Amino acid sequence: MKRFDVIVAGGGHAGCEAAHAAARLGCATALVVTDKSSIARMSCNPAIGGPGKSQIVREIDALGGLMARVTDRAGLQFRTLNSAKGAAVRACRAQADTIEYEEAMREELAATPNLSIIEGSVRNILAENGAVRGVALITGEELSAKAVILCTGTFLNGLLHTGLSQTPGGRIGEGPSAHLSDSLKNLGLHLGRLKTGTPARLHKDSINWDVPQPQPGDIPPPPMSFFTKKIEREQLPCHLTRTTARTHEIIRTGFDRSPLFTGVIQGVGPRYCPSIEDKVVRFPERLSHHIFLEPVSRHNSEIYPNGISTSLPEDIQDAFLRSIPGLEEVKVIRYGYAVEYDFVPPTQMYPTLESKMLGGLYCAGQINGTSGYEEAAGQGILAGINAARKVRGEEPVILPRAQSYIGVMVDDLTTLGTEEPYRMFTSRAEHRLVMRQDNADQRLCDLGRRIGLLGEEHYQEYLERQGRIQSLVKRLKGAFLNPTPETLTLLQISGLPPVDMSIGIAQYMKRPDVALKRDSVFGDLAAFDDTDIERAETEIKYEGYIARQNRWIEQLGKIENIPLEEKMDYGGISGLSVELQQKLNKVRPLTFGQASRIAGMTPAALSILMIHLKTRGRNGG
């Protein structure tokens, strides 16, 4: 029997980050994948980032993970979204060359010490005395380990649907994990059923590119990673087109053969990324829906039509695609399909992503009910860190909601659970002004270095960047503008509002129509890059709001972090409803703050719980 410290099952985005983190932290790690060439495969859209998601990618980067750096190596186009809005909701999004992304990730993993990549499929979880002891592969071979991380994506009892045709599989051309679900059930875990989907892939030479509207990237391209100096790759444009009333008519004709509307699909689909047939039904007043035509790779002819995920029959897909402007003569490389799969409702996990039922078993990614590469990768790095720390006998890492989007996501999942594929949005984060994508390094680099995942070179780079930003902030706070003829002329040239009295530059910058610019009254900024300038401007502009939110976080923290006993019997607390007693016993919150977010929890119930804690403390309980 081969022996490891940590075994990671599945080589998707969660599995890559989990395996890299565990191995980097010194654990002998096995990454078990059905096919080495499928590692980091972008099964659906060829993009990384977006609102709420780029924040997670930057947090992974700050901790020492891979996704941002690999994206910068393989990007086809880079854009900043919501650039005209506040800093809290700005987001980077990168189109990735899917072939180059997979190659770059494989290279990163191959260069990671302590990491072995094994081709195989996990059939059973091996357990003994309430803890994992390894896995059994479909071949019968057994691998031993003190921790196992399941990153199975859509492969648990995966079933593909195109029209009324069904094929077992986790994605097109790849079979399902047919036995692992039974193993998990036998261990006492409850499973649910979810559904996701993907659109057809189109041949680029069959599209009339004169019709769709070009969507170019930003110049210069904004890197996804804090540690990428500059993106020098040629950028490719995306294009925008739309469905039409005729498209929607054709889609409706296929409802009698749709697995979604005939009851064939039992799993719950994503609310925020619905199929095109779902959109037509849910939004009958909409005459059209956006479609972004996105390049998949420089090395093939595939175009990804973002916005028209579908499981309709192939003839209906052909017909509705050709009703879309620019796609009248389109050729389909691969038809869209839905995939239905098992997941483990995540209230069965601790905020460390370790199972409450079986010590040493961790779950990350779509197995926990999430959707999206970024959400999966964020869970993967946390599970990898905690699996390694468990093996090494160290305290686990729990990311607070006020520190990271990963923390928000994991708290949502493990406290509230999910009945549909979970997707991250900025609106889910109560403290988003202090958890921006641009300051993820400030929030998490110290932690990444402390646990040993972030390398010394990158950590020193972070410290130098922080030093530059703070020196610029200090300089601007100590400078003044006076209404001299020379200053007024410079303001006019720069398109900045005039001043009629002496004013501190920091106060002046708080005006909504003032931006920190080079070659203006703000002095010589040659020593600072664009990121330094943007960060300093944000810190000054939102200083009052940030201070207020930090005070609120500090006040909440006094209650948030009050510990609760893991094995407390909530059924014995007088005054709590039976429903809340059952939910508390199911979730087993680790802190008072986590208990406060359980669905149905009321202020009165929280008061009862607090009184109970104080009484237990006085009585030595």
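These numbers come from a predicted model, not from an experiment. Below, all heavy atoms of this structure are taken into account, side chains as well, without hydrogens, waters or symmetry copies. We're numbering straight along the sequence, starting at 1.
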**Request:** Could you tell me whether the side chain of Thr253 reaches within less than 4.5 Å of the side chain of Glu249, counting heavy atoms only?
**Result:** no
**Main-chain N/O of Ser206 paired with Glu329 side-chain donor or acceptor, under 3.5 Å** = no
**Prompt:** Does one side chain, of Gln437 or Ser54, offer a donor that lies under 3.5 Å from an acceptor on the other?
**Reply:** yes
**Request:** Would you indicate whether Glu419, at its atom CD, is surrounded by more than 12 heavy atoms from other residues, nucleotides or ligands within a distance under 6.0 Å?
**Result:** no
**Asked** Does Gln549 use its side chain to pair, donor to acceptor, with the backbone of Ile546 at less than 3.5 Å?
**Response** no
**Message:** Within the structure provided, determine whether Ile207 and Leu327 are in side-chain contact (heavy-atom separation under 4.5 Å).
**Reply:** yes
**Fill in**
Nearest heavy-atom approach of Trp209 to Lys204 is NE1-O, 3.0 Å
**Message:** Looking at Lys331, I want to see if its NZ is surrounded by more than 12 non-hydrogen atoms of other residues, nucleotides or ligands under 6.0 Å.
**Reply:** no
**Request:** May I have the step-by-step check of side-chain contact (heavy atoms from CB on, under 4.5 Å) for Asp441 and Arg535, ending in yes or no?
**Result:** CA-CA 12 Å; Asp441 58 344; Arg535 289 272 293 277; 3.3 Å; yes
**Reference residue Tyr422; test side-chain hydrogen bond (donor to acceptor under 3.5 Å, both in side chains); the match among Thr370, Asp412, Asn368** = Asp412
**Prompt:** Going by atom types alone, do Thr310 and Glu277 pair a side-chain donor with an acceptor below 3.5 Å?
**Reply:** yes
**Message:** Would you compute the distance between atom CZ of Arg93 and atom CZ of Phe78 and round it to the nearest 0.5 angstrom?
**Reply:** 12.0 Å
**Complete:** Of all heavy-atom pairs linking Ile39 and Cys16, the shortest is CG2-SG, 3.6 Å
**Asked** Just by modelled atom types, is the Thr244 backbone N or O under 3.5 Å from a matching donor or acceptor in the Thr247 side chain?
**Response** yes
**Asked** How about Ile172 and Thr198: do any of their side-chain heavy atoms sit closer than 4.5 Å?
**Response** no
**Prompt:** Should Arg242 and His290 count as side-chain neighbours, where that means a heavy-atom distance under 4.5 Å?
**Reply:** yes
**Request:** Report yes if the side chains of His161 and Gln166 come closer than 4.5 Å at any heavy-atom pair, otherwise no.
**Result:** yes
**Message:** Taking NZ in Lys85 as the centre, count heavy atoms belonging to other residues, nucleotides or ligands within less than 6.0 Å. Is the count above 12?
**Reply:** no
**Prompt:** Would Asn157 and Asp342 count as having a side-chain donor-acceptor pair, cut-off 3.5 Å?
**Reply:** yes
**Request:** With rounding to the nearest 0.5 Å, note down the distance linking OG1 in Thr228 to CG in Asp61.
**Result:** 7.0 Å
**Message:** Tell me the closest heavy-atom pair linking Leu416 and Thr347, and the distance in Å.
**Reply:** C-CG2, 4.0 Å
**Request:** Check Gln215 against Arg79 and note the closest heavy-atom contact, atom names and distance.
**Result:** OE1-NH1, 3.8 Å
**Request:** Evaluate the side-chain contact (heavy atoms from CB on, under 4.5 Å) criterion for residues Tyr362 and Leu382: first the C-alpha distance (whole Å), next the side-chain angles of each, then the deciding distance (0.1 Å), finally the verdict.
**Result:** CA-CA 10 Å; Tyr362 295 78; Leu382 183 62; over 6 Å; no
**Request:** May I ask you to check whether Asp35 and Ser37 show a side-chain donor-acceptor distance below 3.5 Å?
**Result:** yes
**Item:** Minimum-distance pair of heavy atoms, taken over all atoms of Asp97 and Arg298
**Value:** OD2-N, 2.8 Å
**Prompt:** Where the side chain of Lys36 meets the backbone of Arg106, is there a donor-acceptor pair that is under 3.5 Å apart?
**Reply:** no
**Asked** So do His13 and Ile60 actually touch side chain to side chain, heavy atoms under 4.5 Å?
**Response** no
**Request:** Look at the side chain of Glu294 and the backbone N and O of Asn45, then say whether any donor-acceptor pair between them is shorter than 3.5 Å.
**Result:** no
**Steps toward side-chain contact (heavy atoms from CB on, under 4.5 Å) verdict (Tyr341, Thr152)** = CA-CA 10 Å; Tyr341 56 95; Thr152 52; over 6 Å; no
**Asked** Only one of Glu103, Glu102, Glu107 forms a salt bridge (Lys or Arg N to Asp or Glu O under 4.0 Å) with Arg73, so which one is it?
**Response** Glu107
**Request:** For Asp278 and Lys195, run salt bridge (charged side-chain N to carboxylate O under 4.0 Å, His left out): C-alpha distance rounded to whole Å, both residues' side-chain angles, the deciding distance at 0.1 Å, then the answer.
**Result:** CA-CA 13 Å; Asp278 208 9; Lys195 166 257 176 187; 6.0 Å; no
**Request:** Determine whether the side chains of Ser43 and Arg171 contain a donor N or O and an acceptor N or O closer than 3.5 Å.
**Result:** yes
**Item:** Sub-4.5 Å side-chain heavy-atom contact between His203 and Val330
**Value:** no
**Message:** Please check this pair: side chain of Arg423 against backbone of Ser371, looking for a donor-acceptor N/O pair closer than 3.5 Å.
**Reply:** no
**Complete:** Taken to the nearest 0.5 Å, the spacing of Tyr304 OH from Met42 CE works out to 10.0 Å
**Asked** Is the charged tip of Arg58 near the ring of Phe226: under 6.0 Å from the six-membered ring centre and within 45° of its axis?
**Response** yes
**Prompt:** Any cation-pi pair here, Arg436 with Tyr542, using under 6.0 Å and within 45°?
**Reply:** no
**Asked** Under 3.5 Å, is there a donor-acceptor pair between the side chain of Gln366 and the main chain of Ala376?
**Response** no
**Prompt:** Could you give the distance from CG (Leu164) to OG (Ser311), rounded to the nearest 0.5 Å?
**Reply:** 9.5 Å
**Complete:** Distance col, row Arg41:CZ vs Thr98:OG1, nearest 0.5 angstrom, shows 9.0 Å
**Asked** Okay, side chain of Gln379, backbone of Val410: is any donor-acceptor separation there less than 3.5 Å?
**Response** no
**Fill in**
Correct closest heavy-atom pair for Leu156 and Arg193 would be O-NH1, 3.8 Å
**Asked** Can Arg597 and Glu430 be said to form a salt bridge (charged side-chain N to carboxylate O under 4.0 Å, His left out), step by step?
**Response** CA-CA 12 Å; Arg597 290 183 288 274; Glu430 310 92 301; 5.2 Å; no
**Asked** Is there side-chain contact between Val280 and Arg252, with heavy atoms separated by less than 4.5 Å?
**Response** yes
**Message:** Closer than 3.5 angstrom, by distance alone: can the side chain of Arg69 be matched with the main-chain N or O of Phe227 as a donor-acceptor pair?
**Reply:** no
**Asked** Do Val70 and Ile48 pass the side-chain contact (heavy atoms from CB on, under 4.5 Å) test, and can you show the C-alpha distance, the side-chain angles, and the key distance before you say yes or no?
**Response** CA-CA 10 Å; Val70 170; Ile48 299 291; over 6 Å; no
**Message:** Exactly one of Val57, Asp72, Ile56 should register a side-chain contact (heavy atoms from CB on, under 4.5 Å) with Met67. Which one does?
**Reply:** Val57
**Asked** Any sub-3.5 Å donor-acceptor pair from Glu340's side-chain atoms to Leu159's backbone N or O?
**Response** no
**Any side-chain donor near an acceptor of the partner, Gln348 and His190, under 3.5 Å** = no
**Message:** If I take atom OG1 from residue Thr71 and atom CG from residue Leu66, how far apart are they, to the nearest 0.5 angstrom?
**Reply:** 10.0 Å
